[in-house]
Amino acid sequence: MFHRLAPVLSLVAIAPLMQAANGDLTTLVNNGSSANRVDIVYMGDGYTADQQATYATQVNQMNSAMFDAGYFSWKVDPFPRYAKFFNVHRIEVVSAQSGADDPSTNTYVNTALGATYAYQGGSQRTLYINETEANKLLPHNTGKGFVADIRMVTVNASSYGGAAINYAVYSAGYFAATEIAMHEMGHSFGKLEDEYGGIASAFPGAEPDRVNVTKDPTGAKWQRWMGYNDPRTGVVGVYEGGDGYNTGIYHPSADSKMNNLNKAFDPIAKEQFISRIYDFVRPIDAHLDNLGTLTDPTKLWVKSVDAQLFTFEWFVDGTLIAGATGEEFDPSLFGLSAGLHTIKAKVSDLTDMVRDAAILAKMTQEVSWTVNLVAVPEPAAYAGASLAFSALCLIRRRKRARA
Ligand SMILES: [Zn+2]
């Protein structure tokens, strides 16, 4: 009997050691090196040791809503299109007590990140955390070797609440939690402003640096989109109100997620998100080494972040090569003459969600190789690279062999 019990006893003894510790990190989605991805890091607050499964489930729900929304992807566009540009991680955060502080009901609980409603005297729904405590758990502060580009905090609370400074914080138990989270992430990662008013006076500040509000009643800031009729958010124009003020400030659409939950992001916000994504990600992850001259390479290649999303163009000595439209290029297929050539790959994201030239520039990347072709095939035989010419070439070669 003793021998049969012993393994069971030792398992029980080990179990507490296997529990996650604060700061432990689980990578939920790994699309590539963090050096060329937007890293989303989730933390939880107000989840006790017994509630960690709830935390994990709520993180998964948010991740699905953001990248895998199916029919409802319009609520989170442009994120589904750029899913492969992101990695997603969850950090274990165990609180002594459950929930969040709520001064309106005299509720005060001991949680790891100190989440509270009415944060710093704000409105009741302003739910935010102690950033100093959260910062201690960030990957680059705990030896995980990468920086959290998007910081999300799910709070184990069900009353409507959220806010954003450096973290996007939201009450994960609220029925529209994912909508709050997307709006708050629009502030923190997207650097977008609220498009709603509220205070019945004129906006008192200087011209905001945010791209979706302006004091200029002509809306010059989003001139490139003016009049564009977005199927979800209406005609881009100049709508008074924004950043919590009713007058003296303007926003670009009749309604959007920076104004109301369950709306789409408007064209200005979508373009801004794409710009922010490309602040962290370049189109090309890797490419064939181009430091020296390559002699008769059989294949030039680039590896892009998402081959489904990009347009690939190949140029030889500046001339676009028709028919070369993938991540790989075989110089022997295109009838090139012997000698030195410069071959260039151009990888472009040609989405119609971006119109700003400076942003478009970030969405294109080029790589060039110097290639020396020595053992080139007969140019006439290979002109056009068609099957017919290949067959002709074979015939010619046979004739010559006989001669
Ligand atoms: Zn807001």
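Two rings, from His89 and Phe146, have their centers less than 6.0 Å apart. Not less than 6.0 angstrom separates the ring centroid of Tyr250 from the ring centroid of Tyr239.
A donor-acceptor pair under 3.5 Å is absent between the side-chain atoms of Thr27 and the main chain of Val29, judged by distance alone. Judged purely by atom type and a 3.5 angstrom limit, Asp306 has no side-chain atom pairing as donor or acceptor with the backbone of Lys84. Within the 3.5 Å criterion, the main-chain N or O of Phe315 finds no donor-acceptor partner in the side chain of Thr319. Between the Glu313 side chain and the Leu320 main chain, no donor and acceptor come within less than 3.5 Å of each other. Although no hydrogens or angles enter the test, the distance criterion places a donor-acceptor pair under 3.5 Å between the side chain of Gln365 and the main chain of Ile284. Judged by distance alone, with hydrogens and angles left aside, the side-chain atoms of Asp102 form no donor-acceptor pair with the main-chain N or O of Tyr117 at under 3.5 Å. In terms of modelled atom types and a separation under 3.5 Å, the side chain of Arg282 and the main chain of Asp279 share no donor-acceptor contact. Side chain of Lys144 to backbone of Thr142: a donor-acceptor contact under 3.5 angstrom is found. For the pair Trp314 (side chain) and Gly326 (backbone), a donor-acceptor distance under 3.5 Å is present. Thr351 places a side-chain N or O within 3.5 Å of a backbone atom of Met353 that can act as its donor or acceptor partner.
Taking the six-membered ring where tryptophan is involved, the planes of Phe85 and Tyr278 are perpendicular, since the angle between them exceeds 60° and thus also 30°. Between Phe310 and Phe312, the ring-plane angle classifies as perpendicular under the 30° and 60° cut-offs. Ring orientation note: the planes of Trp369 and His287 are nearly perpendicular, at an angle over 60° on the 30°/60° scale. Using a 30° and 60° split on the angle between ring planes, Phe79 and Phe189 fall in the tilted class, from 30° to 60°. Between Phe203 and Tyr245, the angle of the ring planes goes over 60°, which puts this pair in the perpendicular group of the 30/60° scheme. A tilted orientation is assigned to the rings of Phe67 and Phe86, their planes being inclined by 30° to 60°.
Put simply, the side chain of Met152 reaches to within 4.5 Å of the side chain of Ile40, judged on heavy atoms. Side-chain contact between Asn262 and Asn260 is absent, with no heavy-atom pair separated by less than 4.5 Å. Contact check for Asn87 versus Ser34: side-chain heavy atoms found under the 4.5 Å cut-off. Two residues are said to be in side-chain contact when any heavy atoms from C-beta on lie closer than 4.5 Å; Lys75 and Met182 fail this criterion. The shortest side-chain heavy-atom distance between Tyr170 and Met185 does not fall under the 4.5 Å cut-off. Looking only at side-chain heavy atoms (C-beta outward), Val347 and Glu327 stay at 4.5 Å or farther from each other. Taking the side chain as every heavy atom from C-beta outward, Pro208 and Glu193 never approach each other to under 4.5 Å. At least one side-chain heavy atom of Asn60 sits under 4.5 Å from a side-chain heavy atom of Leu28.
If you take CE on Met43 and CD on Glu133, they are separated by 11.0 Å, rounding to the nearest 0.5 Å. Interatomic distance, CG of Leu300 versus CG of Leu288, reported as 6.0 Å (0.5 Å rounding). The OG atom of Ser171 sits 4.0 Å away from the CD1 atom of Ile180 when rounded to the nearest 0.5 Å. Expressed to the nearest 0.5 Å, how far CG of Asn259 lies from NE2 of His183 amounts to 9.0 Å. With rounding to the nearest 0.5 angstrom, the OG1 atom of Thr105 is 8.0 Å from the OH atom of Tyr108.
Judged purely by distance below 3.5 Å, without hydrogens or angles, the side chains of Glu92 and Asn22 never pair a donor atom with an acceptor atom. For Asp194 and His251, the side-chain atoms include no donor-acceptor pair closer than 3.5 Å. The closest side-chain donor-acceptor pair between Tyr47 and Thr154 falls under 3.5 angstrom. Side-chain N/O atoms of Thr111 and Asp45 include a donor and acceptor closer than 3.5 Å. A donor atom on one side chain and an acceptor atom on the other are found under 3.5 Å apart for Thr126 and Ser123. Under the 3.5 Å distance criterion, with hydrogens and angles disregarded, a donor-acceptor pair is assigned to the side chains of Asn156 and Gln51. Side-chain contact of Ser332 with Asp330: a donor-acceptor pair under 3.5 Å is present, judged by distance alone. Looking only at atom types and distance, the side chain of Thr48 has no donor-acceptor partner in the side chain of Asp50 under 3.5 Å away. Between the side chains of Trp225 and Glu271, a donor-acceptor pair is found at a separation under 3.5 Å. Side-chain N/O atoms of Thr233 and Asp230 include a donor and acceptor closer than 3.5 Å. A side-chain donor from one of Asp266 and Ser253 sits under 3.5 Å from a side-chain acceptor of the other. For the residue pair Tyr82/Asp349, the side-chain donor-acceptor check at 3.5 Å is satisfied. Side-chain contact of Asn135 with Tyr167: a donor-acceptor pair under 3.5 Å is present, judged by distance alone.
Between Tyr119 and Ile129, the shortest heavy-atom distance links the atoms CE1-O, 3.6 Å. Considering every non-hydrogen atom in both Pro139 and Ala148, the closest pair reads CD-CB, 4.1 Å. Between Ile268 and Val211, the shortest heavy-atom contact is CG2-O, 3.8 Å. When all heavy atoms of Thr364 and Lys346 are compared, the pair lying nearest together is CG2-CE, 3.7 Å. Between Leu192 and His187 the shortest heavy-atom distance is O-ND1, 2.8 Å. Across every non-hydrogen atom of Gly161 and Leu127, the tightest pair is C-CB, 3.7 Å.
Using a cut-off of 4.0 Å between Lys/Arg side-chain N and Asp/Glu carboxylate O, Arg37 and Asp285 are scored as salt-bridged. Taking the charged nitrogens against the carboxylate oxygens, Lys344 and Glu366 do have a contact shorter than 4.0 Å, which makes a salt bridge. Asp255 has a carboxylate O that lies under 4.0 Å from a charged side-chain N of Lys263, or vice versa, which qualifies the two as a salt bridge. We find that Lys257 and Glu195 are not joined by a salt bridge, their nearest charged nitrogen and carboxylate oxygen being 4.0 Å or further apart.
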(request) List the steps and the verdict of side-chain hydrogen bond (donor to acceptor under 3.5 Å, both in side chains) for Glu207 and Thr214. (result) CA-CA 6 Å; Glu207 173 63 24; Thr214 185; 2.9 Å; yes
(request) Any chance you could lay out the side chain to side chain contact (heavy atoms under 4.5 Å, CB included) test for Asn130 and Leu113, step after step, and finish with the verdict? (result) CA-CA 6 Å; Asn130 179 336; Leu113 307 181; 5.7 Å; no
(message) Applying side-chain hydrogen bond (donor to acceptor under 3.5 Å, both in side chains) to Asn166 and Glu131, what does each step give before you reach the verdict?
(response) CA-CA 8 Å; Asn166 292 301; Glu131 284 199 355; 3.1 Å; yes
(request) Take Val41 and Ile91, measure what side chain to side chain contact (heavy atoms under 4.5 Å, CB included) needs, and give me the verdict at the end. (result) CA-CA 7 Å; Val41 164; Ile91 291 182; 3.4 Å; yes
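Annotation for Lys215: atom NZ counts as buried by contact number, over 12 foreign heavy atoms lying within 6.0 Å. Atom NZ of Lys362 has more than 12 heavy atoms from other residues, nucleotides or ligands within 6.0 Å.
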